[in-house]
Each structure stands twice: as C-alpha cells, then as structure tokens.
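These notes concern the structure reproduced below.
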Number of protein chains: 2
Amino acid sequence: MKCDFSTHHRMSVATDVVVLTTDNKPLNNKRKVAEKGLQILLVKRDEEPYNGCWALPAGFVNFDEPLLECAKRKLREKVGLDDIYLEQLYSYGDDVNRDIRGRVISIGYIALAPKEKILLNSERASKEAEWFWIESSTSEWEVDMLSFISVLDSSLKITSLAFDHRMIIADALNRIKNKIMYTDVGFHLVNELFTVKELQTVYELMLGRQVQAFRRVLNDKIVETEHWTDGKAHRPARLFKQR
Amino acid sequence: MKCDFSTHHRMSVATDVVVLTTDNKPLNNKRKVAEKGLQILLVKRDEEPYNGCWALPAGFVNFDEPLLECAKRKLREKVGLDDIYLEQLYSYGDDVNRDIRGRVISIGYIALAPKEKILLNSERASKEAEWFWIESSTSEWEVDMLSFISVLDSSLKITSLAFDHRMIIADALNRIKNKIMYTDVGFHLVNELFTVKELQTVYELMLGRQVQAFRRVLNDKIVETEHWTDGKAHRPARLFKQR
DNA sequence: TTAGTTATTAACATATTGCAATTAAGTATA
DNA sequence: TATACTTAATTGCAATATGTTAATAACTAA
C-alpha cells in the first residue's frame with residue numbers, strides 16, 4: 001500500500017518543557033540548616049481544556065519551526081526564560097486521546113538552570129508562572145509518589161496536573177537521575193563557579209540518596225579556582241569550575 | 001497570544017525504526033574463527049523522494065494510531081516482523097526541510113532481536129528488505145565513520161541513506177552503547193537461553209571494546225540452567241537465562 | 001596419546017566507593 | 001581570650017568492582 005502524502009494523517013505537535021532548578025527550602029523550626037530542594041516551574045492554564053489547572057510550559061509547534069526552537073520560544077513567551085540548557089526528553093503520543101481537542105503529539109523537553117540565573121529574567125516572567133517544590137516519598141521518581149507544593153504558599157499542594165504532565169515530569173526526573181553520574185548535566189544546575197557542596201547537593205537531590213566521597217568521585221570533572229565563598233559564615237569554601 | 005487549535009500548525013508525523021541484530025560474519029580466509037558482527041535491516045524505497053535509496057523501515061502515523069503501534073505496524077508491513085522489542089529513541093524535527101514533501105516530524109525507534117527469532121518470520125519479509133553489516137572505524141558510533149555493507153553482496157557499500165537516517169542510526173547505536181551496561185537491553189539480542197560468550201559478544205559489539213571478566217560483571221543478571229550447547233565442537237558451554 | 005580449540009574458574013593487582021575519623025578555618029558566646 | 005560550634009576539606013581503611021593473566025576443564029582432530 002502506497003502512502004499518500006495528503007492531509008489525512010496530519011496532526012498537531014506540541015512541546016512541553018520540564019524546567020528544573022534547586023533552591024533553599026524555608027528554614028525548619030527544628031533545624032537551622034538551610035536544606036536544599038528541587039523545584040519545577042509550572043504555569044496556570046487560562047484556556048480549555050484544564051482551564052485554571054497547573055501545567056508545564058507548552059505550546060504548539062509552528063509549521064516552519066524547529067522543535068527545539070518551539071521549546072525555547074515557549075519558555076520565552078510564557079516564563080521569560082532565555083539561554084537556558086534544553087534537552088529533548090521523550091515524545092508522547094501513544095494515548096491518542098491525551099488531548100481532548102484532537103490528536104496531539106507532544107515532544108517533552110528538560111530545561112535546567114541554577115536559580116540565580118533564572119531570577120535575572122524573572123521580571124519578564126508571566127504572573128501565572130510559579131515555582132513548586134518537588135517531593136517524592138521514595139528514592140524513585142514514581143508518578144504516584146510525586147507531589148508538588150507551592151513555593152509561595154505551602155498550603156497549596158497540587159494533586160492533579162493538566163494532561164499527562166505528571167508522567168512527563170516523572171520521566172524527566174528519572175532521565176536526569178539515570179544520567180547524572182555518567183554525564184555532565186549536573187553542572188547546568190550550578191553557577192559557573194561553585195563549591196563542592198553545592199554540586200554535591202544537586203547530585204544528591206536528583207539521585208535521592210547520598211553520594212560518599214563526592215570530591216573524589218568528581219575529581220576529574222572539576223578544577224580548582226583561586227576564588228572562595230565570601231566568609232560570612234564559618235570556614236570559606238573553595239570555588240571550582242567544570243573541567 | 002492565544003493559541004488557536006486550527007489546522008495552521010498541523011504536520012505529518014512518521015516513525016523510523018532502527019532494527020538491529022547480530023550474526024556470524026563470513027569466514028575470513030586467514031582466521032577460522034566465526035567472528036560476529038552487527039547488522040541493521042534496511043529497505044529499498046520505491047517512491048520519491050530518495051526513490052531506490054536504502055532507508056529505515058518507516059511510515060506515517062495514522063490520525064488515530066498510537067506512535068508505538070505505528071512503528072509495530074511498519075515492521076509488520078514492510079519486513080514481516082512481529083513481537084520484537086521496541087523502544088523509542090528520539091524525535092527528529094529540528095530541520096524543517098528534512099523531508100522535501102513538507103513538514104515531517106519523525107519519531108525514531110530501536111528494535112532489537114536475536115537473528116534466529118527474526119529468521120522465523122523472514123518468509124513474510126519484503127523482497128526489498130535486506131540486512132547490512134554495520135562498521136565503524138572508531139570505537140564511537142560517529143555519523144561520518146559509519147558504513148553499511150550488504151550481507152548478500154559485499155561489494156555493495158552504502159554511502160548515502162535516505163533522509164537523515166544515517167544520523168538516526170548513529171543515535172540508535174550510541175543510545176544502546178550508553179545504556180547496555182546499566183540496563184538489560186542487551187538480553188533482547190540473544191535467545192532465551194544463551195551462553196556467556198554469546199551475551200558477551202553482544203555487549204562488546206555495542207560497546208566497541210572488550211569487556212573483561214564478563215561472567216563476573218554480569219553475574220547477578222544471569223542464572224545458570226542445566227542445558228548445554230550440543231557438543232558438536234570442542235567443550236560444551238553452559239546455557240544461561242536472564243535472572 | 002597428543003596437540004589444538006573453546007569454556008570456565010581462579011588468582012592477583014588496581015581502581016572505585018562506602019564509611020568514619022581527622023584536621024582546618026571560620027563564627028558565636030561566655 | 002578561651003571554648004564550643006559550624007562548615008570545609010583531607011585522609012585512612014575496608015569492601016566492592018574491575019582489568020589482567022594464568023590455570024584448569026572438556027571436547028575434537030589427527
């Protein structure tokens with residue numbers, strides 16, 4: 001059977017971006033230590049379906065637009081982000097009814113950046129965009145175990161996200177978890193200059209476990225600089241950069 | 001700017017499948033040992049563009065068809081394969097002109113199977129499908145270094161493949177290479193019962209290097225059976241199965 | 001019987017990692 | 001100023017994993 005290149009098989013293609021970063025959690029009464037946590041950027045939808053629901057920054061790919069360019073554009077338009085690390089995650093299109101409006105194939109992307117870099121552009125961000133803490137009750141990033149808690153209002157806990165975005169987020173977290181020890185993706189979540197502790201925290205948050213002798217393990221991926229954290233507290237730490 | 005769900009952004013979506021297996025290479029005059037090699041299944045196109053060129057088994061996704069189902073269907077239709085391991089690879093759509101006919105997003109898939117399993121269905125295979133040896137002059141699967149040599153006619157060496165299929169193949173090989181030591185994908189390339197040597201060969205072909213003390217490394221992934229290779233040559237080898 | 005081939009295990013060196021202790025350099029406070 | 005406290009960074013040791021080589025086992029072929 002010849003395949004005719006007509007319109008009968010045309011469908012909509014969208015990109016969905018999982019924007020991840022880390023930040024200091026609010027100080028716990030019991031412990032004075034500034035614990036770090038994982039954050040994800042979500043936007044509140046203002047149209048059907050899922051109107052009012054929180055969702056990943058997403059949008060349709062224009063007919064003459066590269067996929068990656070669409071992901072970048074949506075980050076620019078919806079949350080004012082630019083020049084951020086992006087990698088393709090997975091394509092979602094096995095459930096033909098994943099979007100009630102019609103057949104939509106969605107290309108998932110992962111975006112990573114240190115919080116400082118993102119804050120620079122935050123004034124341009126949409127008012128409907130907000131950071132949420134990512135929590136998981138297991139060391140695995142399982143769909144059922146994921147929860148999202150508002151950074152601004154800890155009483156706001158999202159249990160349902162638009163479309164299949166919960167699954168996309170779980171896939172993104174597992175992707176990073178699986179490759180962080182074997183690749184250099186972790187460096188996208190710290191500044192150009194970073195302390196060993198900062199980088200270690202990123203790795204441990206993604207892995208959901210501690211990493212022993214981190215300095216030794218990462219030794220050939222990082223290089224000392226002559227800069228130090230300013231000594232406002234305790235012993236100053238040496239700043240490193242990626243080799 | 002609201003996104004209108006009309007037809008202006010609709011495009012064609014296709015699946016491209018990289019079918020990989022291993023087989024015995026023809027006996028070399030100098031060495032009697034039956035060396036193994038990697039093979040890929042390609043089909044000869046019978047329509048424009050790239051009419052007459054070799055290409056990956058591929059085709060357009062129907063409007064109401066899951067992506068994975070489309071990949072399965074194309075393997076059935078074009079090369080008579082069924083019940084074969086399939087995993088999604090990557091989606092190709094950054095070059096808006098990758099198909100001269102219009103905007104086409106292609107979802108790449110990887111299919112793996114031992115040659116014996118594939119041969120069972122070979123009678124149903126298209127006459128225009130053929131296995132090719134995959135060679136690389138480096139230990140990396142680089143696009144420039146890949147070459148494809150016909151299994152049936154060693155003088156037939158493909159230097160150009162249809163569309164961006166050469167890149168898709170390189171991506172597929174690197175994907176398997178990167179995950180074979182940390183996952184169980186390698187088992188899809190051997191039979192249910194296999195010798196240590198057979199599994200080791202699969203790993204070494206994908207990695208492009210030797211793996212020392214393979215039995216020890218894979219020890220917790222395999223389990224002994226009471227079956228042995230039939231003693232037609234030399235010492236019989238114990239057959240294992242996946243744990 | 002002996003040499004040749006493949007399979008399998010073992011022995012040893014080296015590399016990596018988990019774990020715990022130690023030293024270093026700052027702050028806070030009595 | 002002395003002491004306790006906090007964080008940073010290094011070191012030592014045990015346990016595990018891997019690279020390398022050798023030894024042993026089971027069969028074929030001459």
Side-chain angles (χ1 to χ4, degrees), chain A residues 24-25 27-36 139 177-178 180-183 186 190-191 193-204 206-241 243, chain B residues 24-25 27-28 30-36 139 177 180-183 186 190-191 193-204 206-241 243:
Chain A
N24 290 314
K25 285 190 149 184
L27 287 179
N28 193 316
N29 310 358
K30 294 188 178 178
R31 318 201 306 123
K32 293 181 194 169
V33 287
E35 203 183 351
K36 286 260 182 177
S139 70
K177 175 181 176 177
N178 286 329
I180 194 166
M181 292 298 280
Y182 312 109
T183 67
V190 295
N191 293 314
L193 295 183
F194 52 85
T195 67
V196 171
K197 178 71 174 175
E198 287 170 348
L199 190 62
Q200 181 170 0
T201 298
V202 165
Y203 276 61
E204 294 187 336
M206 287 298 180
L207 291 168
R209 64 172 177 90
Q210 288 191 300
V211 182
Q212 305 292 347
F214 186 78
R215 170 69 207 270
R216 240 172 9 195
V217 173
L218 268 281
N219 194 46
D220 51 347
K221 285 190 175 181
I222 64 182
V223 53
E224 288 184 358
T225 72
E226 291 311 313
H227 300 92
W228 299 76
T229 52
D230 47 352
K232 297 204 173 172
H234 317 295
R235 175 177 173 176
R238 185 186 285 276
L239 294 174
F240 290 77
K241 61 180 181 182
R243 182 179 296 276
Chain B
N24 290 315
K25 285 188 147 184
L27 288 179
N28 192 317
K30 293 188 178 179
R31 318 200 307 120
K32 294 181 195 169
V33 285
E35 203 182 351
K36 285 260 182 176
S139 70
K177 175 182 175 176
I180 194 165
M181 291 299 279
Y182 311 110
T183 67
V190 294
N191 292 315
L193 295 184
F194 51 84
T195 67
V196 171
K197 178 74 175 175
E198 287 169 348
L199 190 63
Q200 181 170 1
T201 299
V202 164
Y203 275 62
E204 294 187 336
M206 286 298 179
L207 291 168
R209 65 171 177 89
Q210 287 192 301
V211 182
Q212 304 293 350
F214 186 78
R215 170 67 206 270
R216 225 168 33 189
V217 174
L218 268 283
N219 193 46
D220 51 349
K221 286 190 175 180
I222 63 180
V223 52
E224 289 183 357
T225 72
E226 291 311 314
H227 300 93
W228 300 76
T229 53
D230 45 354
K232 297 206 172 170
H234 318 298
R235 177 177 172 175
R238 185 186 284 275
L239 294 174
F240 291 77
K241 59 180 180 181
R243 183 180 298 276

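Chain letters run A, B, ... following the sequence lines, proteins first, then strands; residues in each count from 1. It should be emphasised that the depicted structure is a prediction, and the values quoted were computed from it without experimental measurement. FYI, side chains are in, hydrogens and waters are out, and symmetry mates aren't considered; it's all heavy atoms of this structure.
- Here the closest non-hydrogen pair linking B/Val211 and B/Glu204 is N-OE2, 2.8 Å.
- Exactly one of B/Asn219, B/Leu218, B/Val217 qualifies for a side-chain contact (heavy atoms from CB on, under 4.5 Å) with B/Arg215. That residue is B/Asn219.
- The 5' end of DNA chain C is approached more closely, in terms of each residue's nearest nucleotide, by B/Arg216 than by the other of B/Arg216 and A/Gln210.
- When rounded to the nearest whole Å, the span between CD of B/Glu35 and P of C/dT6 equals 13 Å.
- Heavy atoms of B/Ala213 sit under 4.0 angstrom from at least one base atom.
- In this structure, A/Phe214 and A/Tyr203 have perpendicular ring planes: the angle between them is above 60°, well past the 30° mark.
- As a whole-Å value, the separation of A/Arg215 CZ from C/dT16 P is 15 Å.
- In this structure, NE2 of B/His234 is placed 8 Å from P of D/dA29, rounded to the nearest angstrom.
- Taking atom CG of residue B/Asp230 and atom P of nucleotide C/dT6, one finds them 16 Å apart after rounding to whole Å.
- Atom P of nucleotide D/dT7 and atom CD of A/Glu198 are separated by 14 Å, given to the nearest angstrom.
- Contact detail for B/Leu193 and B/Glu198: the closest heavy-atom pair is O-OE1, 4.4 Å.
- A distance-only check finds a donor-acceptor pair linking the side chain of A/Lys221 to the backbone of A/Thr183 [under 3.5 Å].
- Atom CZ in B/Arg238 sits about 16 Å away from atom C1' in D/dC27, given to the nearest Å.
- Between A/Phe214 atom CZ and D/dT11 atom P there is a gap of 18 Å when expressed in whole angstrom units.
- Distance A/Lys197 NZ to D/dT6 C1': 12 Å, rounded to the nearest Å.
- Side chain of B/Trp228, nearest nucleotide from C/dT8, C/dT27, D/dT28: C/dT8.
- Phosphate contact (OP1/OP2 of C/dC19, side-chain N/O of A/Gln212, threshold under 4.0 Å): present.
- Comparing D/dT6, D/dG19, D/dA8 by their nearest atom to the side chain of B/Arg209 picks out D/dG19.
- At a cut-off of 3.5 angstrom, counting only N and O atoms as typed in the model, there is no donor on one side facing an acceptor on the other between the side-chain of B/Arg235 and the base of D/dA26.
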